[in-house]
Amino acid sequence: YDQQYLWLRGEGNDGKSTLLTLLEDALGNTALSVSHPPGEDKHWALDWLNKRFAFIPDLRDLSSIRSGPWMQMTGGDKVTVRPFYSQGYPIRLPVKLAIASQKHPDSELKKADKRRLIYGEIDPSKVTRLTTKYREDLAKEFPFFISYCIETFHRLCPDPRMQIPV
């Protein structure tokens, strides 16, 4: 599972970012929200240390998912953490990644990259118009949602070493 990440695609105003924000709230300081995948900034990995979940709530520039650090992270490779004013060191970041976007990833991903992707598309015909109370309502249901996800995972993957069925 360390070489997989979630991509939620929808038309907008359909709850993708709200769901990821609720995950961030539930995970507290072990979660990280970023505006784009890590780029070539040599200190980017400092923000990712000690995080378990990172998400991009609205990815617009799909070409950024082809950056070296992103490919290393989603490939399960080590990345170099470079603290300010000291020597860098390699580490495998145990961060699970999720992206919400209005764009489909097909145009930017190569075949090798697609095998890492867990793709979910929001069906616009099943989305009701979101209200300002939507986040509050979703937060109330969130514990049940997480329980359902865990139960479904255990049902579909009784052996945790097996590949997640997509």
Side-chain angles (χ1 to χ4, degrees), residues 1-39 41 44-67 69-76 79 93-109 113-157 160 163-166:
Y1 309 120
D2 60 339
Q3 292 187 17
Q4 293 177 326
Y5 63 99
L6 174 66
W7 188 294
L8 296 175
R9 197 203 80 72
E11 295 302 320
N13 198 29
D14 52 15
K16 299 178 304 292
S17 298
T18 302
L19 177 62
L20 294 179
T21 301
L22 283 172
L23 276 171
E24 179 186 27
D25 292 348
L27 294 170
N29 65 2
T30 64
L32 174 69
S33 173
V34 295
S35 60
H36 53 81
D41 171 19
W44 72 268
L46 289 173
D47 293 334
W48 295 66
L49 285 175
N50 302 315
K51 302 298 181 191
R52 303 291 294 151
F53 177 71
F55 73 97
I56 303 169
D58 187 16
L59 181 65
R60 294 170 190 253
D61 178 12
L62 299 191
S63 66
S64 61
I65 61 176
R66 290 180 294 165
S67 72
W70 180 261
M71 300 304 289
Q72 288 173 292
M73 284 178 41
T74 61
V79 298
L93 295 172
V95 179
K96 297 300 175 199
L97 305 162
I99 294 172
S101 180
Q102 292 183 19
K103 298 180 180 180
H104 197 286
D106 266 354
S107 63
E108 292 296 331
L109 293 177
D113 303 324
K114 288 180 185 177
R115 71 172 172 76
R116 303 173 184 164
L117 181 66
I118 300 171
Y119 180 78
E121 185 141 346
I122 309 296
D123 183 349
S125 69
K126 299 195 178 182
V127 176
T128 58
R129 181 89 178 134
L130 299 183
T131 66
T132 54
K133 212 175 142 219
Y134 173 73
R135 188 179 192 293
E136 180 184 320
D137 292 342
L138 192 57
K140 288 177 190 171
E141 302 233 359
F142 201 66
F144 304 107
F145 171 74
I146 294 297
S147 294
Y148 176 77
C149 290
I150 291 170
E151 289 171 13
T152 301
F153 172 78
H154 288 298
R155 183 173 42 81
L156 295 175
C157 303
Q163 187 78 341
I164 295 175
V166 184

From CD1 (I56) to CG (L32), nearest 0.5 Å: 9.5 Å
Exam field: side chain T30 to backbone R52, donor-acceptor pair closer than 3.5 Å: no
Other residues, nucleotides, ligands: >12 heavy atoms within 6.0 Å of N50 CG: no
Separation of S17 OG from I99 CD1 (nearest 0.5 Å): 12.0 Å
Approximate separation, where rounding is to 0.5 Å, of R155 CZ and Y148 OH: 6.0 Å
Residue pairs involving residues 141-150 (criterion salt bridge (Lys or Arg N to Asp or Glu O under 4.0 Å); sequence neighbours excluded): none
V79 side chain near W48 side chain, heavy-atom distance below 4.5 Å: no
Atom of Q102, atom of G12 and distance for their closest heavy-atom approach: NE2-CA, 3.6 Å
Side-chain heavy atoms of M73 within contact of Y5, under 4.5 Å: no
K51 side chain vs P94 backbone, donor-acceptor pair below 3.5 Å: no
Distance in Å, L20 CG paired with D58 CG, rounded so as to fall on 0.5 Å steps: 11.0 Å
Heavy-atom closest pair, residues K16 and R9: CD-C, 3.7 Å
Gap separating the CG atom of L23 from the OG atom of S33, nearest 0.5 angstrom: 11.5 Å
Whether F53 and F55 hold their rings parallel, tilted or perpendicular, with breakpoints at 30° and 60°: parallel
From L97 atom CG to I118 atom CD1, the distance as rounded to the nearest 0.5 Å: 10.5 Å
For P105 against L62, the heavy-atom pair lying closest together: CA-CD1, 4.4 Å
